[in-house]
Each structure stands twice: as structure tokens, then as C-alpha cells.
Peer 1: 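I have a structure I would like to understand better, so I am pasting it below and will then ask my questions one at a time.
So that the names make sense, note that chain A is the first sequence line, chain B the second, and so on, each numbered from 1. All values reported here derive from a predicted model rather than from experimental measurement.
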Amino acid sequence: MECVVQGIIETQHVEALQILLQGLCGAPKERIRVHELCLKSGPNLGVVPSEVRLLCDLAQPTPSWTVRHVGGSMRGAGAEQISVLVRTVVESKVGNNALRFFYALGYKLDHELLKIGFAFRFQKGAPITITVTSANKMPRLHATDEAVPVTPGIQLVEITAPAAADNYNDVASAVSSFCEYLAPLLHLSKPGVSTGIVPTAAAAAASLLSNSGGKTI
Amino acid sequence: MENIGGVALPQGQQPPPAPEGVAPPKVERLNPVVQQQLNLESVKTRALGLYKAISRILEEFDAFARTSSTPKWQDALGQFSMVSMELFNIVEDIKNVSKAFVVHPRNVNAENATILPVMLSSKLLPEMEAEDNTKREQLLYGISGLPVHMQIEKLKARIDMIGAACEAAEKVISDCRKAYGLGSRQGPTLVPTLDKVQAAKIQEQENLLRAAVNYGEGLRIPADQRQLPTSLPSHLVDVLPFGDGAQNLGDNSGTYVKNNPPFSSNSVNTQGVLQTPGGQLIGRSVPSPSNSAFDNASTPPMAYANSPRSSTNIANTPSPQQQVQQQQQQRQKIMQLPQHQQSLLVQQQLRQSSNAGVLGQGSISQLHDITGQTQQKFQQEHLINIIGLRINIYTSIAK
């Protein structure tokens, strides 16, 4: 299971966000360049199509593959009270013949996406991962070199933390409290709920980027 | 009462009388309640504290003056405000209790008959009077000759001007605060609002982005444009089967992946028996009329169908006798199973194939058809060959 929230930030403020995250997390950023292939199952595998994502990490010299299945999210009155989305997720490293394997099973490529950006890891109550990426689409199949951003002016910020059935409340509160640190720059919400941009983002970004550092007198 | 550092008492009135005044013949005791309320001890302590604070500030300013360095105005102003607040509190406390005191001396008698009129007069002390006069002259300089109502008007105009100047100064200060990023100490901060048009654009972009990332909207390439590029990125070169027309995407097409890297040639190694979609059983390895590349097959020729219910037991595998027997037993069991489970078993066997390699997209659906029909032996090691042959057969049929 994982707790996840998403938000958007204008590309011009991404550098300021990076500085803020660097200050919060301490560790340097990790580059992200992931080719995500989303496969949907064919009719032979059941009435309801299932979706599987294959992620190829291109940031490392040797590409590594991960398979990821995102399950249903928690529903009900309790879920509505939590400010993060809690959903089941199964993830595993796989060899590079995974794609062929899934094709053999009958999965078909639904869409693909190239995500370029960076990530930070933060440990407070739960291992929290913050990724800031721009989603790029490929004009031709598998043409990762020709990828163009879907929305050039806006990037996606995603905060995830692994959770279990018995501790998801604590993890959710840890994620929410972390989101408050980012409040001057962006608002985060459950995936599917739009937030808009924050009006104080420009001022906050300016103060983060300024060298003199606005000290309050 | 001691002089508290030059504190100016209101309007030159007599200082609040202390019980010890002008050497009374008999010391009168105050009402104990009043005494308690007055709490002279605390007043004394506070007054002393105030005196010390003020002298400290004066010393600091002396130091600044000597070293000619600029003081930190924030700190200085803070200290001043503290001092003035403390003084205000002391005076307030005393005022509360001062009603209990009457002017001393209470009675007129021979001693104070002469001095009392002086004490009672509200006339200002001479120096205070002089100060007052000079200030009044300054104020009414130039307009003292005019009639009174005009003087009043002029004074009002001056007051208005001063008021306007103060407002302008306040505005300048607040603008500077905003420009330099300082928070305002009081009053609400203005939150910049977004232009509506801009907000709508951003909302639209946001929806696009979220839909793309979460659901893949706007990223799907239509089926007719889905052709594998001739040059794949490096991470996909070994992963995807190369070759023209080989795709496993979208529609339920009949094209199959042709070959896989383990085989040296880029051709199809096809041996074995396959079944067409129509369910006809094809006998031994049929060389395809299309790209005939069976000759460079590296595996020994085998003939079998990819169905567990195989009647022709063509077993050329170097499998031990036991394995064959097991397979026969399996087949018998399979026969007894309902069709659905048979297909599942077939799928299982497919998966167990160590040489899984590339399977055609519709192979499993084909197997569904197959299992219901005939019994044919299913040899796992040569699946690839089967599929390859099927491809060729389909292409030949399609033509």
C-alpha cells in the first residue's frame, strides 16, 4: 500500500522548490528519467481489463526495469477524512524481458510516458519520496529522444510513502505534515482532485532564490 | 516622593501626596486598606526598575555616540516602548488610588495660610509659562493678526496637511515593506490574486497533466500510427523484438512477432504442427510458402501442435521415457477436464516453458480453440518454432 498526493507547480518555480526540498531533506537530489509503459490486459485475461506499468529507469548507465501494479484506492467515509490517497500498490524489479513476457500473456501497450525530473527522499515517521517531474509524450512509438512535454509550463509533484494496513494513518499524517512545509509554493491533493496554483508561489520562490535571504528583523 | 528621572506629572499639578509631606506635626496613618491598594512598595520597586532601564538606554546611546556607530533601531525602539509602557502602567496604578488622597494640607491653618494660594493656583510655573508662550507664538506665526475664525480655519488646514503627509508616509512605508519582502507588523497582508483568465488557463493545463499522468489521456497513439521505429532507443533494443511489422499493440491483429534474439537468424524457426484459426490440424512441419527460412533451423525438426490434446504423439525430444509417460498421463487427465481448465493448463504450460521467448499475441486465444478440438501432444521446448510456423501460415493464408 502507499499514501500518495499530487500537486502542480509552474516550471519557473521548480528551481525554488528544489532549493526548499534540498533544505528539508538534506540529501542531494536524485535524477529521474523514467520511460513508463502502461500495458492493459486483453480480453483473454478476464472481463475487467487490468493495467500494469513497466518503468524503465534510464537515469542509470544500465537501464533497470520495474513492474508496478496500482490497485484500487481506499474508499468510504474514513478515506474521505484522510487528506492523502491510500491505495494498494505492488512493485517489483524485473529483468528486461518483462515487456516480452507481458506481451506474451496478452497485454497490449496502452500508452507510454517519459518522466524527467528529480526526486528527494525524506525520513520522518515514514520514508517519504518527493518527485518533481515533467511528463513528456512521444510523437512516435518508443521515440524517447523526441519526447515533448505534455504541459510545458507545469510540472507534476508527487509525494508517496509506503504504508501497511496497520500504520497507514500515521503515514498519512506524516505525509500531510510534510505537505505543509511546501504550502507556500504549492498545494497537494489526492490524485484526481485539482488544486490550481498557489498565489504566494511567486513571492515564496523569489525569497527562496534570493541570495541575501530575507531575514525577519 | 522621589523624582522619577524627570517624569513629567500631568499638568504641573501637585505631586501625589505621600503621607510624609511638609513635616506634619503628627504622622497620620493612612487607612490600611488604601495603603494596601496603593502598594507603595511595588510602586517604589517599579519606579526604581524604570529608572534603571532608562539610564541603561542612555548609556547605550552614549556608547553609540562615542563610537559613532548606528544603533539598531529595532532594538532601541523596542526598549523605548517597553519603558514607556512600564511608566504608563505605574501612573495608571497610582491614579486609581489617588482619589483617596486629598490635597495636603487638608486644613487651613496658620502654617499654610500663606502658601496655600500658591499651591492652589493653576497658573503655570514661570518656566513652563515661557515655554508655552513660545510654542504658541510659533504656532500662530503669521496668522495672529487675523480674526479668530480664520485662525481656526488656517489651523484646520494645517492639521489636514499634516494628516495627508502622515498617510503618504505610511503608504510609502508599506510599499517599501512589500518591495523588500518584510512582513508588516500589523494589519492584514495583501494576498496577490491571480488574473481569472490566467487561472483558467492554468486549470486547463493542470487537468491535462493530471489526466495524462494518471490515466494516460492524450498519450495514446492511434493504431495506424503505431509502427515500431526502425531505430529503437537503447533500452528497448534488446527488449522488443525487432523486425518490421512486428507489433503487439492495440488491435487484435493477426500479425505476430517474428523472431527472438536467441535464434541466430532473423528468420522463423518453424517446426511443428500448428493449427489455423479455423481449427484445422496441420500435419508435420510444413514449410511456409512465404519466407522460407526453415533450413537454417538450429533445432531438430519436430512436429507437434500446441495443444495438450494431441493424438499424434510425435516426440522427438530427448526426454526420458518417464517424462513421456508423465506427459501421456497428463494428457489423459487433461482430456477429462472441462474445456476451460484445459485452456488454463495450456497457458500454464506455456508459462513454464523455459524458452518462452516470443509468443504471438493471439496464441492463447488460439489455444482456446484448439483445446476443444483435437488431442495433440504439446512439446514445450519448441513453442517458438510453432509460433513461427503459425505466423508464416497466417501470412500465407492472408494472402
Peer 1: Where does V4(A) contact chain B at under 4.5 Å (heavy atoms): side chain, backbone, both or neither?
Peer 2: neither
Peer 1: Report which part of C56(A) has an atom under 4.5 Å of a heavy atom belonging to chain B: side chain, backbone, both, or neither.
Peer 2: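 The side chain, not the backbone.
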Peer 1: Does any backbone or side-chain atom of T195(A) lie under 4.5 Å from a heavy atom of chain B? Answer side chain, backbone, both or neither.
Peer 2: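 For T195(A), heavy atoms of backbone and side chain both lie under 4.5 Å from chain B.
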Peer 1: Counting only heavy atoms closer than 4.5 Å, note whether E10(A) contacts chain B via side chain, backbone, both or neither.
Peer 2: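 Side chain only.
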Peer 1: When rounded to the nearest 0.5 angstrom, what is the spacing between CG in N214(B) and CD in E158(A)?
Peer 2: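 Reported value, rounded in 0.5 Å steps: 7.5 Å.
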Peer 1: Between D145(A) and chain B, with a heavy-atom cut-off of 4.5 Å, which part of the residue counts as in contact: side chain, backbone, both or neither?
Peer 2: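 Nothing of D145(A), per the 4.5 Å heavy-atom cut-off to chain B.
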Peer 1: Need one label for N97(A): side chain, backbone, both or neither, based on atoms under 4.5 Å from any heavy atom in chain B.
Peer 2: neither
Peer 1: According to the ring-ring contact (aromatic ring centres under 6.0 Å, His included) rule, which pairs have a member within residues 204-240 of chain B, sequence neighbours left out?
Peer 2: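 Residue pairs with at least one partner in residues 204-240 of chain B: H35(A)-H235(B).
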Peer 1: Between S134(A), G196(A), A135(A), G42(A), which shows the greatest number of heavy-atom pairs under 4.5 Å with chain B?
Peer 2: G196(A)
Peer 1: Please classify the contact of P139(A) with chain B as side chain, backbone, both or neither, using a heavy-atom distance under 4.5 Å.
Peer 2: backbone
Peer 1: Between OG1 of T151(A) and CG of N207(B), what distance do you get to the nearest 0.5 Å?
Peer 2: 11.0 Å
Peer 1: Show every salt bridge (Lys or Arg N to Asp or Glu O under 4.0 Å) that has at least one partner inside residues 207-217 of chain B, sequence neighbours left out.
Peer 2: E206(B)-R210(B)
Peer 1: I221(B) and L141(A): which non-hydrogen atoms are nearest, and at how many Å?
Peer 2: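 Where I221(B) meets L141(A) most closely, the heavy atoms are CD1-N, 3.8 Å.
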Peer 1: With a 4.5 angstrom heavy-atom cut-off, could you sort out which part of I154(A) is near chain B: side chain, backbone, both or neither?
Peer 2: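 Answer is both: backbone and side chain atoms of I154(A) are under 4.5 Å from chain B.
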Peer 1: Roughly how far, to the nearest 0.5 Å, is the CE atom of M138(A) from the CG atom of L219(B)?
Peer 2: 8.0 Å
Peer 1: Which heavy atom of L113(A) sits nearest to which heavy atom of A212(B), and what is that distance?
Peer 2: CD2-O, 4.3 Å
Peer 1: Within the supplied structure, the quantity of interest is the number of heavy atoms (other residues, nucleotides, ligands) at a distance under 6.0 Å from F61(B) CZ; does it exceed 12?
Peer 2: yes
Peer 1: Please check if atom CD in Q22(A) has more than 12 non-hydrogen atoms from other residues, nucleotides or ligands closer than 6.0 Å.
Peer 2: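 Correct, the count exceeds 12.
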Peer 1: In Å, rounded to the nearest 0.5 Å, how long is the span from OG of S194(A) to CD of E204(B)?
Peer 2: 12.5 Å
